[in-house]
Every structure is written in C-alpha cells, then in structure tokens.
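The chains referred to below are lettered A, B, ... by the order of the sequence lines, with proteins before strands, and numbering in each begins at 1. As the structure is a prediction and not an experimental result, all values here were calculated from the model. Just the heavy atoms: all of them, side chains too, but no hydrogens, waters or symmetry mates, feed the values below.
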Amino acid sequence: SQKIEQNSEALNIQEGKTATLTCNYTNYSPAYLQWYRQDPGRGPVFLLLIRENEKEKRKERLKVTFDTTLKQSLFHITASQPADSATYLCALDPFNQAGTALIFGKGTTLSVSS
Amino acid sequence: NAGVTQTPKFRVLKTGQSMTLLCAQDMNHEYMYWYRQDPGMGLRLIHYSVGEGTTAKGEVPDGYNVSRLKKQNFLLGLESAAPSQTSVYFCASTSGRAGREQFFGPGTRLTVL
C-alpha cells in the first residue's frame, strides 16, 4: 500500500542541539515534498518545499534534504530553541498535479528543553 | 488578508443532530480541502474541490457532504452526527500551481455526544 511515514511520534532534545526528523514514503514518485509545522490547537503552517532535483534546501535554521533513491526526506533544525517545540508534518503530492490533495505523514512532536 | 477562516471554532452536538462548518478564503484560490485530524491518525482528507461548483470525495467521505457554491467558500455538512465524527476539522486552500503549499484554517473542534 502507499504510505508516508514519519519515523517517530516524539523527539526530545536539549536546547542548542540539532533536531533531525525523518519522513519515508513508499510507492510514490513525488516531484516535491513539503514540511509543515503545527502548534497545539492551531492549523498546520507551511515551512519548506523541496523539489526532486534539489538535494538540499535551507531556510534560516531549517534544512531539508530529499533522497529520491532512498525515498526519504530529512528535516533538520539547527541550534534548536524551546520555541521550536511543535509537531512537524511532511507531505507529498502523489500525482504531481495542480490541485491534488496532499498526503500527510502523522507527524513528529518535537520537544526542546532548556 | 484574513487567509483561511473557519466557523465555528468549537461545537458540541448530540448524536443525530446536523450542522454545517463554514470555510472561507480570501486568496482567490481554486482548490479547497476539508481534513479531519484525530490522535494517532494524522490528517485525513474528507472532501475536496477543484473549483466553484465542483466537489470530490477524499479518503474518509462517509457521513459528510460538501458544497462549493462560491469560489471563496467551502461548506462541510454533517447530516446526522455520530460520536465517530468527534474530531478536529481543518479547511485548507491552495492556488493552481503544482507544488504549491496549502494554507490551513485554525480548525473546528467538534464533539458529538
């Protein structure tokens, strides 16, 4: 069956460390993959998009990689802060078409302790 | 711009009651979606619309109906609510480009007793 999985439900790290979240997918060939942040009681907010021909993308302290051979994306937050504590969702478009609903992973809840 | 707004924010229903959730977006987006989010299940697509007057079923459409009479609005209806429909409902919209991000509303927390 087609799946998109985020390897852990929860990740606890200390402030200042690098958080690494993993998203794996099977039976898809997405042209791009997206990452969202969701705070408790709020809707997801878009963070980054990476295309299949981009190995890595950065935005401030965020870095995303995309390995189409491994069918995996890694999401890194460097110099993590307590304010980074949230649930992070990966998502992909299974058909690479405008308007297609995204398929979301279940998310990884990151807790950064000071 | 308000982005995506949802009405109401909270609602408690009794089994068998009906209600309509309203989603509105002011970004002139063609595509709109309704998701439900349950603990351990992630976001699951209920229905979606690729334009005014069109709707389609998603992954979990049973027990729900939708309408998109105006481009900016997407309504989700529950004709006869069941406890299994207790969930947080999110509306999202996006533009017509492939690879575009989705913009989400703040959610509606629905409890069916």
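The environment of B/E79 atom CD is sparse: at most 12 non-hydrogen atoms of other residues, nucleotides or ligands sit within 6.0 angstrom. Summarising the local packing, CD of B/Q17 is surrounded by more than 12 heavy atoms from other residues, nucleotides or ligands at distances under 6.0 Å.
Within the 4.5 angstrom heavy-atom criterion, only side-chain atoms of A/L89, from C-beta onward, approach chain B. Contact annotation for B/F103: neither backbone nor side-chain heavy atoms come within less than 4.5 Å of a heavy atom of chain A. Looking at B/M41, only its backbone comes within 4.5 Å of chain A, counting heavy atoms on both sides.
Between A/A101 and B/Y35 the shortest heavy-atom distance is CB-OH, 4.4 Å.
Hydrophobic clustering keeps B/F90 apart from B/L75 (ILVMFWY residues linked when any side-chain heavy atoms are closer than 4.5 Å, directly or through intermediates). In terms of hydrophobic clustering, with Ile, Leu, Val, Met, Phe, Trp and Tyr side chains grouped at heavy-atom distances under 4.5 Å, A/F75 and A/Y25 are assigned to a common cluster. Under the 4.5 Å side-chain contact rule for hydrophobic residues, B/Y89 and B/V60 share a cluster. No continuous path of ILVMFWY side-chain contacts below 4.5 Å connects B/L76 to B/L43, so the two sit in separate hydrophobic clusters.
Counting heavy-atom pairs closer than 4.5 Å to chain B, the top-ranked of the candidates A/Q6, A/Q38, A/R42 is A/Q38.
No side-chain donor-acceptor contact under 3.5 Å links A/Q34 and B/Q102.
To the nearest 0.5 Å, atoms CG (A/L102) and CZ (B/R100) are separated by 5.5 Å.
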